[in-house]
Amino acid sequence: MKSISLDITKAEQFLAAGAVAAYEPNVKAAQESLENGTCPGNDFLGWLHLPTSITPEFIAEIQAVADTLRAKCEVVVVAGIGGSYLGARAVIEALGNSFAWLIRDGKNPTILFAGNNIGEDYLAELTDYLKDKKFGVINISKSGTTTETALTFRLLKKQCEAQMGKETAKEVIVAVTDAKRGAARTCADKEGYKSFVIPDNVGGRFSVLTPVGLLPIACAGFDIKALVTGAQDMEKATGVDVPFAENIAARYAAVRNALYQEGGKKIEIMVNYQPKLHFIAEWWKQLYGESEGKDGKGIFPASCDFTTDLHSMGQWIQDGERTIFETVISVETPNRKLDFPSDEENLDGLNFLAGKRVDEVNKMAELGTRLAHVDGGVPNLCINVPELNEYYIGQLIYFFEIACGISGNVLGVNPFNQPGVEAYKKNMFALLNKPGYEAESKAIRERLG
């Protein structure tokens, strides 16, 4: 079986000779601190050996609940925000038909995502859409009190019960939440919903290989066993005892830190040439942004979909401030085959491409762009993915997770907390006059005049 691979040659050339190799001791120490549980945030290391701890029985339990939802629902709404939905959406969109939401194939329910905003129009339109649908809900929240998700679940719970009856609703509403505490757990126990546990030692952005991600992915009809197998194999391939030269996660962490600390590169742009990978980049942005962006440090994670964004961001990337580097996810073999057609009039002058596979044209755009950006002073990394299937996406997920843990430790931050996320919530609750926020409300209103 092939594996994803990493090419850093077009990034190393922007650094002094041996700069990446010089990070080997720091990277090794960082990974050992993860393995030994001595790093900051060591109470959130449950993801580290999660893939190899997943049993066939656990996968079968998740699949059985997914099969119930698939049998009873035309639509399954995943209610969650941040890590509670981005991983599942990333995998589903990477593996699914680009027009899945328009296709009624009689096999797979439409998977929708909500609870990730407070948009009144969005929620009203969602409830309108569901009025004549048999739908189920996967409510993903450790606390059950996150405003965006809690609001959405209130609306969907009431609508599901009104349309299907309370007893039937119990069969199609599933909670993924804390084992013992919180509003979502209390509700699930009171209503008799099937539930799965979010492990206490796994943070949201690292939770895609828990029921948080696995249940929605299984509902969409994808092979979660193959996904987990890919992650398991990558866990072994990036273990603490794997030599630096062979450990792609260790080398990715090393070159990122070298570019940041030695090369002055402050922004990493995650680039794909396959539109299905858009939400992989969105998941990656949260994983790295929330893990590394603290204590006045951290590479800013951005993303572009090429070739689309070459017509909007290409100029800045080519000629703008040289504080960026690029990481390209390149898919070796597409799942479908389509040839570039010939045209008798050839008004667009593109008959020289006739008969070539569309992917060949795309690959030459990818290669040409990488060369142009390197010539323009942009260090370039490339992650090669053999094809888009469950196994390789599982590899990619764990690769990014372990590299993130290593990289954050090398940077000298706690990769597993997110203290800055609470700041906006405090202000929002004060402005909404939430009980217990009276002092904050007064202070904010005085600031606002």
Side-chain angles (χ1 to χ4, degrees), residues 41 43-48 50-51 54 62 77-94 111-118 138-150 152-153 174-179 182 184-185 195-220 224 227-228 231 270 277-294 298 301 303 393-394 396-405 407-408 413-425:
D43 49 342
F44 282 96
L45 293 175
W47 58 272
L48 186 60
L50 178 63
I54 296 173
I62 290 175
V77 184
V78 179
I81 195 168
S84 294
Y85 93 100
L86 277 172
R89 187 164 190 177
V91 175
I92 289 168
E93 299 219 1
I111 309 295
L112 299 179
F113 295 90
N116 49 61
N117 63 63
I118 318 176
I138 302 174
N139 186 40
I140 305 173
S141 177
K142 213 163 198 175
S143 67
T145 58
T146 302
T147 306
E148 295 89 342
T149 306
T152 299
F153 183 62
V174 181
V176 183
T177 187
D178 190 88
R185 167 52 60 196
S195 65
F196 290 97
V197 171
I198 304 172
D200 283 341
N201 59 355
V202 178
R205 57 190 179 274
F206 289 87
S207 67
V208 63
L209 295 172
T210 74
V212 168
L214 295 179
L215 180 59
I217 293 165
C219 284
I224 56 174
L227 185 82
V228 169
M270 183 63 62
L277 294 176
H278 174 84
F279 271 94
I280 289 286
E282 292 300 303
W283 169 78
W284 169 86
K285 282 195 292 189
Q286 186 202 2
L287 180 65
Y288 280 76
E290 203 167 68
S291 295
E292 293 188 328
K294 55 200 68 166
S303 63
I393 293 297
L396 191 65
I397 287 167
Y398 189 81
F399 160 74
F400 278 134
E401 288 183 345
I402 184 62
C404 183
S407 185
V413 299
N414 178 351
F416 309 115
N417 67 355
Q418 52 278 340
V421 174
E422 301 304 314
Y424 90 90
K425 296 180 184 178

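Model, not experiment: these values are computed from the prediction. Residue indices begin at 1 and follow the sequence shown.
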Supply the atom-to-atom distance [X] [atom1] to [Y] [atom2], rounded to the nearest 0.5 angstrom.
X: M270; Y: K285; atom1: CE; atom2: NZ; answer: 10.5 Å
X: E401; Y: S291; atom1: CD; atom2: OG; answer: 9.5 Å
X: D178; Y: S195; atom1: CG; atom2: OG; answer: 10.5 Å
X: N201; Y: F44; atom1: CG; atom2: CZ; answer: 8.0 Å
X: I224; Y: L215; atom1: CD1; atom2: CG; answer: 8.0 Å
X: L214; Y: I54; atom1: CG; atom2: CD1; answer: 5.5 Å

The single option from V208, L209, L45 passing side chain to side chain contact (heavy atoms under 4.5 Å, CB included) against L50: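 Between L50 and the candidates, side chain to side chain contact (heavy atoms under 4.5 Å, CB included) is satisfied uniquely by L209.
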
Please check: side-chain N/O of [X] versus main-chain N/O of [Y], any donor-acceptor pairing under 3.5 Å?
X: K294; Y: P419; answer: no
X: K142; Y: A184; answer: no
X: T210; Y: S207; answer: yes
X: Q286; Y: G83; answer: yes
X: T149; Y: G115; answer: yes
X: T177; Y: S141; answer: yes

For a 4.5 angstrom cut-off between non-hydrogen side-chain atoms, does [X] reach [Y]?
X: V78; Y: N139; result: no
X: V197; Y: R185; result: yes
X: T152; Y: N116; result: no
X: C219; Y: I138; result: yes

Tell me every residue that passes ring-ring contact (aromatic ring centres under 6.0 Å, His included) with F153, counting only those two or more places apart in sequence or in another chain.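 With sequence neighbours excluded, F153 shows a ring-ring contact (aromatic ring centres under 6.0 Å, His included) to no residue whatsoever.
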
Mind running side-chain contact (heavy atoms from CB on, under 4.5 Å) on I140 and I81 for me, showing each step along the way? CA-CA 8 Å; I140 305 173; I81 195 168; over 6 Å; no

Kindly say whether the aromatic ring centers of F416 and F206 come within a distance under 6.0 Å.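 Aromatic pair counts; centres sit under 6.0 Å.
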
With a 6.0 Å cut-off on ring centres, are W284 and Y288 close enough?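 That pair passes the under 6.0 Å test.
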
How far apart are the closest heavy atoms of [X] and [Y], and which atoms are they?
X: P216; Y: I92; value: O-CD1, 3.7 Å
X: E292; Y: G408; value: OE2-N, 3.6 Å
X: R205; Y: N417; value: NH2-O, 3.2 Å
X: G46; Y: V202; value: C-CG2, 3.6 Å
X: A94; Y: I280; value: CB-CG1, 4.3 Å
X: P211; Y: F196; value: CB-CB, 3.6 Å

Under the side-chain hydrogen bond (donor to acceptor under 3.5 Å, both in side chains) test, residues paired with S143 that sit two or more places apart: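 For S143, the residues satisfying side-chain hydrogen bond (donor to acceptor under 3.5 Å, both in side chains) (neighbours in sequence not counted) are T145.
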
Go through the steps to decide whether E282 and L86 satisfy the test side-chain contact (heavy atoms from CB on, under 4.5 Å), and finish with yes or no. CA-CA 7 Å; E282 292 300 303; L86 277 172; 4.0 Å; yes

